[in-house]
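Taking it in order: structure first as C-alpha cells, then the write-up.
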Amino acid sequence: MASRDSPDLIVVGQVTIDDVVPAAPGPWRRQMGGSSLYAVAGARLWLDPGRIGLVARVGRDYPFDPRRLLKDAGLKHVALHSFAGEQLIEWLIYEP
C-alpha cells in the first residue's frame, strides 16, 4: 500500500507541442499536448489528482508552462526534466 504522500499511479510519457490544423480553412493552433498529459487527464476520471504522479521531459524550446497547468489541475507529484534538445512537435491535420 502506498504511503499517504506518494502517488497511487505514475504516468511516464511525453509532453509535446501539438500543431493542430483544422479541416476548414483557417489558422492552425499551437497547443500543449502529449501522451502523458492525455493519460493524466483520463486518470483524473477515476482518481483524485493528488494520487496521480507524472514523469516526463521538456525540451529547451517548450513554449508552455506544464508545471503550472499540472499544479492547477491538482497534481502534487510532478517530475518534469528539462533537457537541452529541441521539443517534439506533432502535427494533427484534420480533413473534412
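These values consider heavy atoms only, across backbone and side chains, with no hydrogens, waters or symmetry-generated copies. Only a predicted model underlies this, so the values are computations on that prediction, with no experimental measurement involved.
Between the side chain of Ser36 and the main chain of Gln14, a donor-acceptor pair closer than 3.5 Å is present. Looking only at distances, no side-chain donor or acceptor of Tyr62 sits under 3.5 Å from a matching main-chain atom of Glu86.
There is no path of hydrophobic side-chain contacts, each under 4.5 Å, that joins Leu47 to Val12. Under the 4.5 Å side-chain heavy-atom criterion for grouping Ile, Leu, Val, Met, Phe, Trp and Tyr, Val20 is not connected to Val15 through any hydrophobic cluster.
Annotation: side chain of Val58 is in contact with side chain of Gln87 (closest heavy-atom distance under 4.5 Å). Put simply, the side chain of Ile93 does not reach to within 4.5 Å of the side chain of Trp28, judged on heavy atoms. Ile10 places none of its side-chain heavy atoms less than 4.5 Å from the side chain of His77. Using a 4.5 Å heavy-atom threshold, the side chains of Ile52 and Pro7 count as separate.
To the nearest 0.5 Å, atoms CG (Asp8) and CG (Asp48) are separated by 9.5 Å. Rounded to the nearest 0.5 angstrom, Phe64 CZ and Leu37 CG are separated by 10.5 Å.
Of all non-hydrogen atoms in Asp61 and Gly85, the two that sit nearest each other are OD1-O, 4.2 Å.
Checked options Val78, Leu54, Leu69; the residue passing with Val40 is Leu54 (criterion: side chain to side chain contact (heavy atoms under 4.5 Å, CB included)).
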